[in-house]
Amino acid sequence: MLQLEELELLKKSLEGEAGPPAELFQKKVEASFSKTVLSRGMDNRYLVLAVNTVQNEEGNHEKHLIITASQSLEYKELCILRNDWCSLPVEPGDIIHLEGDCISDTWIIDEDFGYLILYPDILISGTSIASSIRCMRRAVLSETFRSCNPATRQMLIGTVLHEVFQKAISNSFAPEKLQEYAFQTIQEIKHLKEMYRLNLNQDEIKQEVEEYLPSFSKWAGDFMHKYISTDFPQMQLSLPSDGSNNNSTCNIEVINSLDIEESIWSPRFGLKGKIDVTVGVKIHRGYKTKYKIMPLELKTGKELNSVEHRSQLVLYTLLSQERRADPEAGLLLYLKTGHMYPVPAKHLDKRELLRLRNQMAFSLSNRISKSSVGKEKTNLAPLPQIIEEEQTCKYCSHVGNCALYSRAVEQQMDDSSVPIGMLPKIKEETQHLKLSHLEYFRLWCLMLTLESQSKDNKKNHQHIWLIPASEMEESGNCIGNLIRTERVKTVCDGQYLHNFQRKNGAMPITNLMAGDRVILSGEERTLFALSRGYVKEINMTSVTCLLDRNLSVLPESTLFRLDQEEKNCDIDTPLGNLSKLMENTRVSQKLRDLIIDFREPQFISYLSSVLPHDAKDTVACILKGLNKPQRQAMKKVLLSKDYTLIVGMPGTGKTTTICTLVRLLFFCLETKNSQRRKFADPSPLHP
DNA sequence: TCTCTGCCAAGAGGA
């Protein structure tokens, strides 16, 4: 009865009879409605029409949401949020996904049952959410200023060891094989490049990697049947489906690896992630044996068995449900010791992690502060609160950005609240910056955020899971109903050539061209975003793609769809550069001087000091074909100590000038190098 | 109305 009255009340408020707040949200509801696909069922998407806080009979607060999944907005349902779910920052106009039961048009989400996912089409990675446990602000900052932290030596070792273990579990743990995989992996170009960047010696890395190998064997001997040395070790693990059976002691036997680096997107839970190894596992308990497919997460650092590490696994059990039955638990393996911990995915943990996900999704999608009056200046929204935990901040790689954002953006607002204890730290981190620098950061941060928002509607790939291929084809950016033909050709590790043809009928008219980035999915909901890659060739009958995964493991009859990857407006790079520009280094200082404070660029006087004088003919040859202004521009660049801007209307030959410049500079470098070699300069030159 | 620019990505570990 109460519910019906409530519906009426809220309906009135929506129609504007109950005063101003409803009007405020009316526009947002309309805006969301026009660009979202609402649906019920597995991937349900509800539009929130109204939010009402009420007191229930026991005197506790509840949030009642009036929601609809019908495009006509006519058919309404009620969603009741209880306990901690009440603090969810949900507003009319928001899109939500609900997990649980709906009984007579009412959803109840409480401590023990059901989940609400806010903005489910924003997929957030498992590691991001895990890192938000300690500091939500750090997690949001690292999503925003992505490309800020270059990898360290430990990270490189970690990546290498992951690869070695993954090769071993797919093939063999025999000691000589492990040696071979380690050697192979270290030789890979991408790793050699990193070693070069970090100024590390290949032998050094090899030695450190080899120190881990005995633990690999130990683990295989403990958990895999074919390497077994003694009995399986006793482990403590009880799964929710074991019910009240409180014998939690069991043996875990790893049967096989089913996938490596499995990448899963979950629009049900608003999550994404890559699972190190997907393993088939037998759980022996007394006389009973249960078979499960579980995520196995590898860690090469300290054996922390920390909340962060365990949370990653809990989130992976949610991801796994997109592809197969609920694993109910995951396995956490520390490669230094070979110790493995089973991690059960309890409702409580999943609930709290999803609530963190919601908070993060809220922060990520509300980057611009909404002014209540409307005429206020557009501004950046504050980030989640700064925490006051010296230990966490001490080792945080985002202190710079954290302090910078606080001073340049948040402290300019009235409602900024920084924990008193953190003020000195923020000052210390930003004292090398002038007011003009802070203002520059604020302005460009705002501009970039606004730019990304204006294109955001297209940015994520929600059509893959919300719109069937047959419908998407009309836009020309998708081809569905494809089957794999011919054998998959392995070009190299991580590049597989696939050929597809329409199962029946001709290929549709399409915008897809050779060179386009694509996302390949199965048409079934369990198989989307299986792989990404490029179109290699496309014609009237077939399409060839270079993909990052080998799909030959899937049944031949699998139906695929190809979606063009939207040219995503990448503000990551410019934001990263902006953050770098503010660093307390000599290079950044110089750049700030030039770019923000407009110091005039300097030039040297004579070309003779840059151009090798005995190379006149070659230089003339390179410059051949350039007109006078182009040559003048080249000269200016060569004399430049700071920068030169080359300005010109489209088609006046800026690109030609730059290409020639690259050839010329390369020539200068070559000449210098060969001269050095001639004079037997002992200082080794990097290639 | 057209042109130009930005693109691999989720996690590698530290205390």
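Proteins come first, then strands; the chains are lettered A, B, ... in the order of their sequence lines, and each starts at number 1. If you're wondering where the values come from, they're calculated on a predicted model, not measured in any experiment.
Rounded to whole Å, the C1' atom of B:dA12 lies 16 Å from the corresponding atom of B:dC8.
Side chains of A:Gln391 and A:Tyr395: a donor-acceptor N/O pair is absent below 3.5 angstrom, by distance only. There is no side-chain donor-acceptor pair under 3.5 Å between A:Thr185 and A:Glu163. No hydrogens or angles considered: nothing links the side chains of A:Thr656 and A:Gln630 as a donor-acceptor pair under 3.5 Å. A donor atom on one side chain and an acceptor atom on the other are not found under 3.5 Å apart for A:Tyr341 and A:His309.
Enclosure of atom CZ in A:Phe666 is not indicated, since only 12 or fewer non-hydrogen atoms of other residues, nucleotides or ligands lie within 6.0 angstrom.
Residue A:Glu208 contributes atom CD, which lies 12 Å from atom P of B:dG13 at whole-angstrom precision. Across the protein-nucleic acid pair, A:Ile275 atom CD1 and B:dG11 atom P stand 9 Å apart, rounded to whole Å. Rounded to an integer number of Å, the gap from CD of A:Gln154 to P of B:dG13 is 10 Å. Rounding to whole angstrom units, CZ of residue A:Arg134 and C1' of B:dG13 are separated by 14 Å. In this structure, CD1 of A:Ile260 is placed 15 Å from P of B:dG11, rounded to the nearest angstrom. Summarising the geometry, the separation between NE2 on A:His309 and C1' on B:dA15 is reported as 11 Å, rounded to the nearest angstrom. Put simply, CD on A:Glu303 is 13 Å from P on B:dG14, counting in whole angstrom units. For the pair A:Arg549 CZ and B:dA10 P, the interatomic distance rounds to 14 Å; values are reported in whole Å.
Each of A:Asp548 and A:Arg138 was matched to the nucleotide of DNA chain B holding its nearest heavy atom; the match closer to the 5' end belongs to A:Asp548. Take the nearest nucleotide of DNA chain B for A:Thr300 and for A:Thr573: the residue whose nucleotide is more 5' is A:Thr573.
Side-chain proximity of A:Arg146 to B:dG13, B:dA15, B:dA10: nearest is B:dA10. The side chain of A:His162 sits closest to B:dG13 out of B:dG13, B:dG6, B:dC7. With distances taken from any side-chain atom of A:Glu565 to the nucleotides B:dG6, B:dG13, B:dA9, the minimum falls on B:dA9. Ranking B:dA12, B:dG6, B:dC7 by closeness to the A:Glu451 side chain, first place goes to B:dG6. Taking every side-chain heavy atom of A:Thr127 into account, B:dG11 is the closest of B:dA12, B:dG11, B:dA9. Listed nucleotides: B:dA10, B:dA15, B:dG11. Nearest to the side chain of A:Gln312: B:dG11. For A:Ser397, whose side chain is taken as the heavy atoms from C-beta onward, the closest listed nucleotide among B:dG14, B:dA10, B:dG6 is B:dG14.
Within the nucleic acid shown, A:Gly533 has no heavy atom closer than 4.0 Å to any nucleic acid atom. Within 4.0 Å of A:Asp276, counting heavy atoms only, lie sugar-phosphate atoms of the nucleic acid but no base atom. Among the heavy atoms of the strands lying under 4.0 Å from A:Tyr316 are primed sugar atoms or P, OP1, OP2 only; no base atom is included. Using a 4.0 Å heavy-atom criterion, one finds that A:Arg153 contacts no nucleic acid atom at all. Using a 4.0 Å heavy-atom criterion, one finds that A:Glu297 contacts the sugar-phosphate atoms exclusively.
Side-chain nitrogen and oxygen atoms of A:Ser125 include none within less than 4.0 Å of the OP1 or OP2 phosphate oxygen of B:dA10. Regarding contacts with the backbone of B:dG14, every side-chain N or O of A:Lys302 stays at 4.0 angstrom or more from both OP1 and OP2.
When each of A:Glu261, A:Glu188, A:Glu180 is checked for a salt bridge (charged side-chain N to carboxylate O under 4.0 Å, His left out) with A:Lys167, only A:Glu188 meets the rule.
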